[in-house]
Amino acid sequence: MQQNKSLRAIGVISALFIVLACSLFTAPPMEPVPVTPFASPTALPEILEPTAPAPIVNLPNGFVTRQDDILSVHDTAGNLLFQLQPPNLNAGDLHIAAPLIIGSNNLPIIYNASREESSLVYYDNGQATTLKNVDFYVDIVGAQSMPFIAYVATEYTDSGLISNLYVGSPQTLANAPSQLYDLDPASWALSVLAVDMEDSTPSGIWYTKIPWGIGGDIVYAPYRTLAYLDLNSGTAYQYLGDEANPSDLSRDRSWVAYTNDTSVDAGSAAMTARSLVTGETVTYPLVDAVNQRGAGEAKFSPTTQYLAWMEASGWQMAEVPDFHSLVRVGDLQGNVIAQFADTAFLSVSGLGSVQRVQPVGWLNDNTLLVMARSEDWDDAAIIAIDIPTQGMRLLAKGVFVDFTYAE
């Protein structure tokens with residue numbers, strides 16, 4: 001799933017206080033339900049039992065942070081390798097479109113530039129090329145270290161919000177046809193989560209939906225449903241229903257992390273992990289807190305040994321803000337093995353204050369990266385936690401963008 005996706009405008013609903021009991025049980029294997037991308041096909045293909053591919057062991061060789069208009073590329077020890085300054089870079093989504101070659105000062109990216117007009121831009125070797133202008137834009141996600149992205153463009157009509165999902169490369173995006181069309185009278189937009197590849201070609205897109213055009217004191221993006229579009233057949237399959245807010249997919253696509261909550265502000269739901277192969281489900285009880293805001297921002301470790309997530313309480317936009325967050329880590333047997341309150345990051349972060357902490361990903365199965373943010377949303381720090389010892393170290397300043405990988 002795309003790292004650090006931007007929270008879209010979403011409304012405020014009073015949070016419910018819910019205490020969820022821990023559950024660890026085995027359910028029937030997932031049987032995705034076919035949905036209709038366009039018109040109903042004359043015959044749906046046979047639904048295959050989901051299978052887990054071999055674990056992906058390609059680990060990051062670096063990461064990228066952002067401060068204002070500058071992107072800083074670091075190695076895994078936090079050392080600054082080089083910086084980039086693409087034109088009209090905004091706070092939207094950005095995809096790293098090639099492997100990081102240590103010793104090189106170039107890292108191709110695809111991003112949304114919207115200071116003058118919303119457009120997809122390819123930046124390589126200091127040259128920016130506009131790939132396509134987009135009227136209403138939702139988000140992009142890309143295939144790891146490859147020049148392929150999926151993105152959603154939206155359009156308002158009298159009948160509701162239209163979403164179109166596109167897939168392509170810098171060479172094909174300008175004329176790429178829509179792969180998925182959705183008309184939603186309640187203004188829920190399609191939102192892309194991950195791109196699957198087969199033989200160096202996009203083979204499928206994981207996607208969800210998100211409300212469009214409202215705002216408020218939001219902690220987590222309120223996604224709903226989880227579906228997969230098979231690009232070869234054009235058929236989409238739904239794995240989770242409207243009550244589910246997907247947070248992350250494991251890299252081998254064998255597990256999904258999500259919360260069950262239908263409120264627009266993601267309410268106070270606990271984090272759940274579910275195997276897409278066996279149906280096994282694990283729910284981690286929330287830490288007791290006043291004004292519980294629930295769990296989100298989950299990140300699976302590279303070989304799906306652990307799951308890290310954020311829990312929050314209180315309100316960010318109150319007259320006297322009382323918002324707090326913590327990072328928790330659990331195994332896939334339902335055990336919480338570590339947790340870190342926001343106050344624990346203050347000294348190591350070097351920030352004047354810490355208002356929010358959230359996991360952003362893993363360097364390996366033992367090293368979790370956490371982003372701490374101060375009152376100034378762009379004043380952030382990236383901290384590495386060694387899970388076995390629970391020791392912390394500052395890696396870099398800036399807002400986390402994504403990991404880099406070798407060829």
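No experiment lies behind these values; they were computed from the predicted model shown.
Annotation: the span from Ile96 atom CD1 to Met146 atom CE amounts to 14.5 Å, rounded to 0.5 Å. A distance of 11.5 Å separates CG of Leu100 from NE2 of His74, quoted to the nearest 0.5 Å. Rounded to the nearest 0.5 angstrom, Gln127 CD and Tyr122 OH are separated by 12.0 Å. The CE atom of Met371 sits 10.5 Å away from the OG1 atom of Thr65 when rounded to the nearest 0.5 Å. Interatomic distance, Leu81 CG to Asn105 CG, rounded to the nearest 0.5 Å: 8.5 Å. If you take CG on Asp184 and OG1 on Thr157, they are separated by 10.5 Å, rounding to the nearest 0.5 Å.
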Using the side chain to side chain contact (heavy atoms under 4.5 Å, CB included) rule, take Asn112 and Ser118 through it: C-alpha gap first, then chi angles, then the decisive distance, then the call. CA-CA 7 Å; Asn112 176 37; Ser118 185; 3.3 Å; yes
Please step through side chain to side chain contact (heavy atoms under 4.5 Å, CB included) for the pair Tyr156 and Trp212, ending with a clear verdict. CA-CA 10 Å; Tyr156 283 107; Trp212 181 257; 2.4 Å; yes
Please assess Gln67 against Val399 for the test side chain to side chain contact (heavy atoms under 4.5 Å, CB included), listing each intermediate value before the final yes or no. CA-CA 7 Å; Gln67 289 181 301; Val399 175; over 6 Å; no
Begin from the C-alpha positions of Leu84 and Leu107 and carry the test side chain to side chain contact (heavy atoms under 4.5 Å, CB included) through to its verdict. CA-CA 8 Å; Leu84 304 171; Leu107 187 65; 4.1 Å; yes
Asp378 vs Arg66, test: salt bridge (charged side-chain N to carboxylate O under 4.0 Å, His left out). Steps then yes/no. CA-CA 8 Å; Asp378 292 327; Arg66 173 186 172 145; over 6 Å; no
Trace of the side chain to side chain donor-acceptor pair (under 3.5 Å) decision for Asp230 with Thr235: CA-CA 5 Å; Asp230 184 332; Thr235 302; over 6 Å; no
Quick one: do Asp252 and Ser254 satisfy side chain to side chain donor-acceptor pair (under 3.5 Å)? Show the steps, please. CA-CA 5 Å; Asp252 64 3; Ser254 63; 2.6 Å; yes
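Of the N and O atoms on the side chains of Ser72 and Gln83, at least one donor lies less than 3.5 Å from an acceptor on the other residue. Side-chain polar atoms of Gln171 and Ser169 form a donor-acceptor pair below 3.5 angstrom. Of the N and O atoms on the side chains of Ser203 and Asp196, not one donor lies less than 3.5 Å from an acceptor on the other residue. Judged by distance alone, the side chains of Arg274 and Thr281 do bring a donor and an acceptor atom under 3.5 Å apart. Under the 3.5 Å distance criterion, with hydrogens and angles disregarded, no donor-acceptor pair is assigned to the side chains of Asp75 and Asn61. Side-chain contact of Thr272 with Thr283: a donor-acceptor pair under 3.5 Å is present, judged by distance alone. One side chain, Ser301 or Asp365, offers a donor N or O that lies under 3.5 Å from an acceptor on the other.
Residues Val354 and Asp342 approach most closely at CG1-O, 3.8 Å, considering heavy atoms. Residues Ala153 and Val134 come closest through the heavy atom pair CB-CG1, 3.5 Å. Between Leu307 and Ala273, the shortest heavy-atom contact is CD2-CB, 4.2 Å. Summarising the geometry of Leu332 relative to Thr304, their closest heavy-atom pair is CD2-O, 3.6 Å, with the distance given to 0.1 Å. Across all non-hydrogen atoms, the minimal contact from Ala298 to Ala257 is CB-CB, 3.8 Å. When all heavy atoms are compared, the tightest approach of Lys299 to Pro359 is CG-O, 3.9 Å.
A ring-centre distance under 6.0 Å is found for Phe400 and Phe403. Aromatic rings of Tyr284 and Trp309 (six-membered ring for Trp) have centroids within the 6.0 Å cut-off, being under it. A ring-centre distance under 6.0 Å is found for Tyr166 and Tyr151.
Here the side chain of Thr259 pairs no donor or acceptor atom with the backbone of Ala270 at under 3.5 angstrom. Without hydrogens or angle criteria, Ser349 side chain to Phe345 main chain gives a donor-acceptor distance under 3.5 Å. Checked by atom type and distance alone, the side chain of Asn364 pairs as donor or acceptor with a backbone atom of Asn366 at under 3.5 Å. Judged by distance alone, with hydrogens and angles left aside, the side-chain atoms of Ser104 form a donor-acceptor pair with the main-chain N or O of Asn106 at under 3.5 Å. Looking at Ser119, its side chain never comes within 3.5 Å of a backbone N or O of Asn133 through a donor-acceptor pair. In this structure a side-chain-to-backbone donor-acceptor pair under 3.5 Å is present from Thr208 to Thr225. Using a distance-only test at 3.5 Å, with no hydrogens or angles considered, a donor-acceptor pair links the side chain of Thr404 to the main chain of Gly62.
Here the options are Val152, Leu165, Asn164, the test is side-chain contact (heavy atoms from CB on, under 4.5 Å), and the partner is Leu180; only Leu165 passes. Put simply, the residue from Met197, Arg251, His95 that forms a side-chain contact (heavy atoms from CB on, under 4.5 Å) with Gln144 is Arg251. Trp206 pairs in a ring pair (Phe, Tyr, Trp, His ring centres under 6.0 Å) with only one of the listed residues (Tyr223, Tyr237, Tyr239), which is Tyr239.
Taking a 6.0 Å sphere around CD of Gln85, one finds it holds more than 12 heavy atoms contributed by other residues, nucleotides or ligands.
Inter-residue side-chain proximity for Ser191 and Tyr207 is flagged as unmet; no heavy-atom pair is nearer than 4.5 Å. Side-chain contact between Val167 and Val195: absent, with no pair of heavy atoms (C-beta onward) separated by less than 4.5 Å. Side chains of Pro86 and Ile109 form a contact here, defined as non-hydrogen atoms less than 4.5 Å apart. You'll find the side chain of Ile149 reaches within 4.5 Å of the side chain of Leu173, heavy atoms only. Under the 4.5 Å side-chain criterion, counting only non-hydrogen atoms from C-beta, Leu193 is not in contact with Ile205. Contact annotation: the side chain of Ile101 approaches that of Glu407 to within less than 4.5 Å [non-hydrogen atoms, C-beta and beyond]. With contacts defined as side-chain heavy-atom distances shorter than 4.5 Å, the pair Pro99/Tyr405 does not qualify.
A salt bridge links Glu311 with Arg328: the closest approach of a Lys/Arg side-chain nitrogen to an acidic carboxylate oxygen falls below 4.0 angstrom. The pair Glu297-Arg356 meets the salt-bridge criterion, with a side-chain N (NZ, NE, NH1 or NH2) lying under 4.0 Å from an Asp/Glu carboxylate O. In summary, Arg393 and Asp386 do not engage in a salt bridge, as defined by a charged side-chain N under 4.0 Å from a carboxylate O. With respect to Arg373 and Asp379, no salt bridge is recorded, no charged nitrogen being found less than 4.0 Å from a carboxylate O.
Qualifying side chain to side chain contact (heavy atoms under 4.5 Å, CB included) partners for Asp331, counting only residues two or more places apart in sequence or in other chains: Tyr306, Gln333, Asn335, Ile337. Tyr258 meets the ring-ring contact (aromatic ring centres under 6.0 Å, His included) test with no other residue; sequence neighbours excluded.
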